[in-house]
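What follows is a short report on a single structure.
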Number of protein chains: 2
Amino acid sequence: MARRPTVTSVQIAREAGVAQSTVSRVLNGGSVAPETRRRVLEVVAKYDFQPSQAARSLVGSRSGLIGVVIRDLTNPFYPVMVKAMERVLHEQGMRLTLVTDVMTAEEGLAQLRREGVDGVVFTSALQDEPLAHRTAGHGIPVVLVHRTLEDFPADQVEADNPTAGELAAEHLLGLGHRRIAMVCGLAGSSTAQQRGRGFRDRMRAADGAALTEIDGDYDYDTAYAAVRTLLAGPERPTALYCHNDVMAYAALNAAAAEGVDVPGELSVVGCDDVPLSAWERIDLTTVRQPLERIAQVGVELLLGRIEDPELPHRHEVLPVEFVGRSTTGPA
Amino acid sequence: MARRPTVTSVQIAREAGVAQSTVSRVLNGGSVAPETRRRVLEVVAKYDFQPSQAARSLVGSRSGLIGVVIRDLTNPFYPVMVKAMERVLHEQGMRLTLVTDVMTAEEGLAQLRREGVDGVVFTSALQDEPLAHRTAGHGIPVVLVHRTLEDFPADQVEADNPTAGELAAEHLLGLGHRRIAMVCGLAGSSTAQQRGRGFRDRMRAADGAALTEIDGDYDYDTAYAAVRTLLAGPERPTALYCHNDVMAYAALNAAAAEGVDVPGELSVVGCDDVPLSAWERIDLTTVRQPLERIAQVGVELLLGRIEDPELPHRHEVLPVEFVGRSTTGPA
DNA sequence: CTGAAAGCGCTTACAG
DNA sequence: CTGAAAGCGCTTACAG
């Protein structure tokens, strides 16, 4: 396999009658005489010259690459985030490299190191996740987005998840529900812990309220199976609080499969407010978190830290908002 | 910004007491004495050494990077494809770089050239799309996946879309529908053209069948607005054939918004069979195309071509399958 | 089997 | 403002 012929800065220089370093200066904004600049740019345009990223990142101090760790890309939550991050990065002339669940955490870290990323965004960190710690351990700037880790020495951005749980509980209790089940997200995730805590706190304050908790792992299939079992069982709850929208969809569908009317016999509340949730066929009552904003702030914090590693760590908590729709009703 | 200290092959060599080129040979499978190999690997393991991709792709003939052009990542169709492609690439030790709609086609091509991709997968080519042509023009191997281009000199993989259209028409006609509307995908896309053609062909063979065509652009919002207008109008059809599932969801939701019962007053057929379509709340009658298989075959063809550019071009057409669910009923 | 050397395409001091 | 030169971290002939 011969490498296909690509125009290099040396060829541009030769044709423009300048030194190769002058081409570099023109492209990177060094001081160049207007006439020289014009001549170089003309040749650059003629060949639509694109400087090699490999060479650039090899010699420069930056690769212009940001790693984004997203385990499950099929959760509709994440494409929205990816898009928001790409937008910010693209404005800065930077690129994004994805680490998904096709590879192990180990392989993911190796990948990020080989690619020489300037920083990494973690979107789904778990308490026992070694990847974020080890990445930071290699001196790579890290930001934790959406899910956070207590005492982790890095910038972090998340929604006000305890309040999200409280708002959900308040809503259901206000409708008169007392036999409630909570479909929990991944045990090691901060979001599940915080949303669970907020919900439980409000529940405890209510008279005669009984809370059952089941594991949904933030996964459609897991939640679907768990909710079907629950609904087919003896002590069917009158309301369900799901730690994310995807599990709420699973609950809605499980209810349909079991012939349980929503919201007549069962109320369902989610968390996230993914675009899907507004669909008439779904119309999910949920708690909105500012997905795009979280992604955007996360990338901005990371870029700021890459610029200045000495900045004090910031931990942003963004407000959530209750969104009442038609999957909830009186007990 | 100082570059953070990274272990290099020179340091590994020094500590192992060998030449740097020997380290390279150990890592890339050259001939090395067992004892030498052992010593080198020991040091490699000690530092968890990861060779720089930048250096490697600068000097080598391959970057190990494959560009994947996906315009709209939020269509649930695409994450499934990305995952399938990542899986194949990861097995080959290769990586994927995404080009989405945060950048223009122009910027996308520039990006791919700067990154020195070994090849590019186009998943949403349009007839007037210059990007695929120009990419190939730069000598970069290209494969067209899902959407194809007639007479394009490259490997192509698609579903049997004409048959998809025919199956949908057959189903609706068989249920007695005669006043039918077709919600069309992007005008310049092969899928919309082929699915439309297949559907029209069958329609023409049916007595007294009237077909209205409206533009949905493969976009949820566009299709939603168009279907609401259609349903609110005077000559409401009894059935809808949508060129993809996302527009069918829009149609389902638009019907709900207009108070039109599905399938009682309106039947809806989609195309794709994205996982979502099987949800009880959606339960869309559709025509399945083998998403993952298309993605997989596409990447395999591309890798084969990179290996041997002289291979004759292949054009694979994969079978589709009708999936009857509950959004369709008798006229 | 192994080492010394060239070179990939750039950026970045360093002179002038 | 501009050029000559060093060097980023590798792979790949080329000797031995």
Side-chain angles (χ1 to χ4, degrees), chain A residues 1-41 43-44 47-65 93 110 113-118, chain B residues 1-41 43-44 47-65 93 110 113-118:
Chain A
M1 275 298 307
R3 164 177 282 279
R4 90 193 92 77
T6 299
V7 180
T8 70
S9 61
V10 172
Q11 294 167 53
I12 301 292
R14 190 179 313 141
E15 186 152 339
V18 299
Q20 185 272 327
S21 53
T22 299
V23 173
S24 186
R25 248 179 257 115
V26 168
L27 261 24
N28 297 298
S31 59
V32 181
E35 165 57 14
T36 309
R37 173 182 303 277
R38 198 194 54 67
R39 216 151 20 110
V40 170
L41 286 178
V43 183
V44 165
Y47 293 98
D48 189 15
F49 169 62
Q50 300 295 342
S52 152
Q53 254 305 137
R56 195 171 249 184
S57 80
L58 185 58
V59 59
S61 59
R62 304 269 183 85
S63 64
L65 251 194
R113 293 212 288 138
R114 279 198 292 272
E115 296 183 308
V117 294
D118 295 332
Chain B
M1 277 298 307
R3 164 177 284 276
R4 91 193 90 78
T6 299
V7 180
T8 69
S9 60
V10 172
Q11 295 167 54
I12 299 295
R14 191 179 313 141
E15 186 151 341
V18 299
Q20 184 272 326
S21 53
T22 299
V23 174
S24 186
R25 248 179 257 116
V26 168
L27 263 23
N28 298 298
S31 58
V32 181
E35 164 58 14
T36 308
R37 173 182 304 276
R38 198 197 53 71
R39 214 148 24 107
V40 170
L41 286 178
V43 183
V44 164
Y47 293 98
D48 190 14
F49 168 61
Q50 300 294 344
S52 153
Q53 254 306 137
R56 194 169 249 187
S57 80
L58 186 58
V59 60
S61 60
R62 303 269 183 87
S63 65
L65 251 194
R113 293 211 290 139
R114 280 197 293 272
E115 296 183 306
V117 293
D118 294 332

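Each chain gets a letter, A, B and so on, in the order the sequences are listed, and its residues count up from 1. What you see is a predicted model, and the numbers here were worked out from it, not measured in a lab.
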For DNA chain C, which residues of residues 31-41 of chain B approach it to below 4.0 angstrom with any heavy atom?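 Those residues are S31(B), V32(B), A33(B), T36(B).
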
Close approaches to DNA chain C from residues 8-21 of chain A, in residue order (heavy atom, under 4.0 Å):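 Contacts with DNA chain C under 4.0 Å: T8(A), S9(A), Q20(A), S21(A).
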
[atom1] of [X] versus [atom2] of [N]: gap in Å, rounded?
X	N	atom1	atom2	result
R56(B)	dT11(D)	CZ	P	5 Å
R114(B)	dT11(C)	CZ	P	12 Å
R62(A)	dT12(C)	CZ	P	10 Å
R113(A)	dC10(D)	CZ	P	11 Å
L27(B)	dG9(D)	CG	C1'	13 Å
L58(A)	dA6(D)	CG	P	17 Å

Kindly point out which of dA4(D), dC10(C), dG9(D) is positioned nearest to the side chain of R25(A)?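 The answer is dA4(D).
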
Sub-3.5 Å donor-acceptor pair from the side chain of S57(A) to the main-chain atoms of A54(B), do we have one?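 No, because the side chain of S57(A) does not come within donor-acceptor range (under 3.5 Å) of the backbone of A54(B).
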
So which heavy atom on S63(A) is nearest to which on Q53(A), and how close?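 Nearest heavy atoms, S63(A) then Q53(A): O-NE2, 3.2 Å.
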
Measure the spacing between OH of Y47(B) and OG1 of T8(B) and express it to the nearest 0.5 Å.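 Here the rounded value is 11.0 Å.
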
Quick one: is [N] close enough that its OP1 or OP2 comes under 4.0 Å of any side-chain N or O from [X]?
X	N	answer
S52(B)	dC10(D)	no
S24(A)	dT11(C)	yes
T22(A)	dG3(D)	yes

Strictly by salt bridge (charged side-chain N to carboxylate O under 4.0 Å, His left out), give each pair with a member in residues 6-20 of chain A just once, sequence neighbours left out.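 Non-adjacent pairs meeting salt bridge (charged side-chain N to carboxylate O under 4.0 Å, His left out): E15(A)-K46(A).
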
Base-pair string, DNA chain C, Watson-Crick plus G-U, cut-off 3.5 Å on both distances, | for inter-strand, is |||.||||||||.|||

Scan the side chains in residues 16-25 of chain A for donor-acceptor partners under 3.5 Å anywhere in the protein, sequence neighbours excluded, and list what turns up.
from   : atom 1 : to     : atom 2 : distance (Å)
Q20(A) : NE2    : S9(A)  : OG     : 2.9
S24(A) : OG     : N28(A) : ND2    : 3.3

With sequence neighbours excluded, what pairs up with R38(A) under the side-chain hydrogen bond (donor to acceptor under 3.5 Å, both in side chains) test?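 Here the qualifying residues are E35(A), E42(A).
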
Of all residues at least two apart in sequence or in a different chain, which pass the side-chain hydrogen bond (donor to acceptor under 3.5 Å, both in side chains) check with R39(A)?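 Result, side-chain hydrogen bond (donor to acceptor under 3.5 Å, both in side chains) vs R39(A): none returned.
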
Residue list, side-chain contact (heavy atoms from CB on, under 4.5 Å) with R113(A), at least two apart or on another chain: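 With sequence neighbours excluded, R113(A) shows a side-chain contact (heavy atoms from CB on, under 4.5 Å) to L109(A), H138(A), I140(A), D48(B), Q50(B), given in chain and number order.
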
